[in-house]
Amino acid sequence: MIWPFKSRAQQSIARIEVSGAIAGTTRKNVLEALEQVIEKKFPAVLLRIDSPGGTVGDSQEIYNALLRLQDKEIPVVASFGNISASGGVYIGMGAKHIVSNPGTITGSIGVILRGNNLERLLDRVGVSFKVIKSGPYKDILAFDRELTDAEQSILQELIDISYGQFVKTVAQARGLAEEVVREFADGRIFTGEQALELGVVDRLGTEEDARRWAAELAGLDPDKAPVKKIEAKKTGLQKFLPGRSQSMLTQLFPEASTNLQTVTNWLEFEISTSGLPLWLYRP
């Protein structure tokens, strides 16, 4: 017997937000949210992206999860916010339909890898390192010396392969030739209006416009279809207690601590991704 009444979820649009730098936590939260979309049978997804990008692997896993949602014929409409660049663009390619604000900062299609060379500083303070390694490239990007020519070639090949994956994905998702994508995929940023001209997005508009489009694709009334924000599941005491990582200052003065938390998050991201290829816009 088919139950004649639809659940609240089946009459709502699932909203999933990707904000800030994309890394492991973002991937985990988004994948959990997409599982809820399937379990609760939401008819459509509104994917809000406000991110400068992040790690390559995490961006690819989110993108692939969105493709699996497409296979289940659940429409996904992406909404680009203030910034949706690099890895943010890559994730957006997992949506069949993309809406961008005219002034959204997007693009930055490319790969970057950075290492720190502290050799001169270490020489001044009289610090040196003795390294025992199994092969000549085991300490590639070591911070106490310059790259060798061979190491430079190895890393450049790594970057070129990752870049090729990015270009291919954009080309396939947007129905463009790879040669066309490479013409604007040189790391430059552009506005949402320019992205529309390039074929990277489908329409200019707000998140509300994207919501209405998602409702139409799901056969819901755009004037009445509600949005349900999907977040990572909380278990046990997490439902009642603030996160352990929150300081007393954060709990008592959330507005005063916002900037400090933002800086802390970026520092943690920089440290954890040092030496990794990134799909990230660095202004």
Side-chain angles (χ1 to χ4, degrees), residues 9 11-22 26-27 29-34 36-38 40 42-54 58-59 61-70 72-109 169-170 173-175 189-232 279-281:
Q11 302 177 62
S12 305
I13 298 167
R15 182 184 186 275
I16 299 175
E17 184 172 348
V18 177
S19 61
I22 299 164
T26 307
R27 172 187 52 78
N29 291 343
V30 173
L31 295 188
E32 286 183 2
L34 292 175
Q36 292 186 57
V37 169
I38 296 172
K40 297 181 179 180
F42 282 93
V45 173
L46 171 60
L47 180 67
R48 178 67 170 182
I49 304 174
D50 208 329
S51 169
D58 292 310
S59 299
E61 289 201 28
I62 295 173
Y63 164 77
N64 285 318
L66 289 167
L67 289 187
R68 290 193 292 273
L69 212 61
Q70 286 189 32
K72 296 182 179 294
E73 298 185 351
I74 300 174
V76 180
V77 179
S79 168
F80 287 180
N82 289 316
I83 180 170
S84 182
S86 209
V89 172
Y90 195 95
I91 288 175
M93 296 301 105
K96 262 193 172 180
H97 314 283
I98 304 175
V99 178
S100 174
N101 288 296
T104 294
I105 298 299
T106 185
S108 189
I109 298 171
T169 295
V170 174
R174 305 309 300 168
I189 56 173
F190 37 80
T191 66
E193 187 173 0
Q194 291 172 308
L196 179 63
E197 296 173 357
L198 294 169
V200 177
V201 305
D202 297 295
R203 298 181 184 177
L204 296 181
T206 64
E207 182 178 351
E208 171 61 14
D209 293 323
R211 182 200 67 80
R212 294 181 67 87
W213 195 4
E216 293 170 0
L217 292 169
L220 302 175
D221 186 343
D223 294 323
K224 298 180 180 179
V227 171
K228 171 65 176 176
K229 184 177 181 180
I230 309 298
E231 299 178 304
W279 289 338
L280 179 68
Y281 167 54

Colleague: Does any part of the side chain of Val76, heavy atoms only, come nearer than 4.5 Å to the side chain of His97, both counted from C-beta?
Modeller: no

Colleague: Closest heavy-atom contact between Ala14 and Ile230?
Modeller: CB-CG1, 3.8 Å

Colleague: Hey, does Thr26 have a side-chain heavy atom less than 4.5 Å from the side chain of Asp58?
Modeller: no

Colleague: Is there side-chain contact between Ile91 and Ile49, with heavy atoms separated by less than 4.5 Å?
Modeller: yes

Colleague: Identify the residue among Ile13, Ile74, Val77, Leu66 that makes a side-chain contact (heavy atoms from CB on, under 4.5 Å) with Val45.
Modeller: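 By the side-chain contact (heavy atoms from CB on, under 4.5 Å) criterion, Val45 pairs with just one of Ile13, Ile74, Val77, Leu66: Ile74.
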
Colleague: Where is the tightest heavy-atom contact between Arg27 and Ile62, given as atom of each residue plus distance?
Modeller: CA-CD1, 3.8 Å

Colleague: When rounded to the nearest 0.5 angstrom, what distance separates CZ in Phe190 from CD1 in Ile105?
Modeller: 10.5 Å

Colleague: Ignoring hydrogens and geometry, is there a side-chain-to-backbone donor-acceptor pair from Ser108 to Ser86 under 3.5 Å?
Modeller: no

Colleague: With a 4.5 Å limit on heavy-atom distance, are the side chains of Leu220 and Pro43 in contact?
Modeller: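 Of all side-chain heavy-atom pairs linking Pro43 with Leu220, at least one is under 4.5 Å.
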
Colleague: With a 3.5 Å distance limit and no angle check, can you tell me whether Arg174 reaches the backbone of Val200 through a side-chain donor-acceptor pair?
Modeller: yes

Colleague: Quick one: are Ser12 and Pro226 in side-chain contact, heavy atoms under 4.5 Å?
Modeller: yes

Colleague: Does Lys229 reach the side chain of Glu17, with side-chain heavy atoms less than 4.5 Å apart?
Modeller: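 They are in side-chain contact.
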
Colleague: Closer than 3.5 angstrom, by distance alone: can the side chain of Ser84 be matched with the main-chain N or O of Gly81 as a donor-acceptor pair?
Modeller: no

Colleague: Under a 4.0 Å threshold between the charged nitrogen and the carboxylate oxygen, would Asp202 count as salt-bridged to Lys96?
Modeller: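 No salt bridge links Lys96 with Asp202.
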
Colleague: I'd like to know if the side chain of Gln36 and the backbone of Glu231 have a donor-acceptor N/O pair within less than 3.5 Å.
Modeller: yes

Colleague: Could you tell me which non-hydrogen atom of Ala65 sits nearest to which non-hydrogen atom of Leu31, and how far apart they are?
Modeller: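 In this case the closest contact between Ala65 and Leu31 is CB-CD2, 3.4 Å.
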
Colleague: Measuring from atom CD of Glu193 to atom CG of Leu198, what distance do you get when rounded to the nearest 0.5 angstrom?
Modeller: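 Glu193 atom CD to Leu198 atom CG measures 11.0 Å (nearest 0.5 Å).
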
Colleague: Examine distances only and state if a side-chain atom of Asp221 and a backbone atom of Asp223 form a donor-acceptor pair shorter than 3.5 Å.
Modeller: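 At least one qualifying donor-acceptor pair exists.
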
Colleague: Is the shortest side-chain heavy-atom distance between Ile16 and Val37 below 4.5 Å?
Modeller: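 Of all side-chain heavy-atom pairs linking Val37 with Ile16, at least one is under 4.5 Å.
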
Colleague: Between Thr169 and Tyr63, do the side chains contain an N or O donor and an N or O acceptor separated by less than 3.5 Å?
Modeller: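 Looking only at side-chain atoms, Tyr63 and Thr169 do not form any donor-acceptor pair under 3.5 Å.
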
Colleague: Determine whether a donor-acceptor pair (N or O, by modelled atom type, separation under 3.5 Å) exists between the side chain of Asp209 and the backbone of Leu204.
Modeller: no

Colleague: Looking only at heavy atoms, what is the nearest atom pair of Ala95 and Ile98, with distance?
Modeller: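 Closest approach of Ala95 to Ile98, heavy atoms only: O-CG1, 4.2 Å.
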
Colleague: Tell me whether Glu207 at atom CD has more than 12 heavy atoms from other residues, nucleotides or ligands lying less than 6.0 Å away.
Modeller: yes

Colleague: Flag yes if more than 12 heavy atoms outside Asn64 fall under 6.0 Å of its CG atom; otherwise flag no.
Modeller: yes

Colleague: Within the side chain of Arg211, is there an N or O that forms a donor-acceptor pair under 3.5 Å with the backbone of Ala225?
Modeller: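 Yes: the side chain of Arg211 pairs with the backbone of Ala225.
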
Colleague: Return yes if some donor-acceptor pair links the side-chain N/O of Thr106 with the main-chain N/O of Ala85 below 3.5 Å, else return no.
Modeller: no

Colleague: Quick one: does Ser51's side chain have a donor or acceptor within less than 3.5 Å of a partner on Gly20's backbone?
Modeller: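 Yes, the answer is positive, given that a donor and an acceptor are paired below the 3.5 Å cut-off.
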
Colleague: Give the C-alpha distance, both sets of side-chain angles, the deciding distance and a yes or no for side-chain contact (heavy atoms from CB on, under 4.5 Å) between Asn101 and Phe80.
Modeller: CA-CA 7 Å; Asn101 288 296; Phe80 287 180; over 6 Å; no

Colleague: Less than 4.5 Å apart, any side-chain heavy atom of Ile38 and any of Arg68?
Modeller: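 With C-beta onward as the side chain, the pair stays apart.
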
Colleague: Quick one: OH on Tyr281 to CD1 on Ile109, what's the gap to the nearest 0.5 Å?
Modeller: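 CD1 of Ile109 is found 14.0 Å from OH of Tyr281.
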
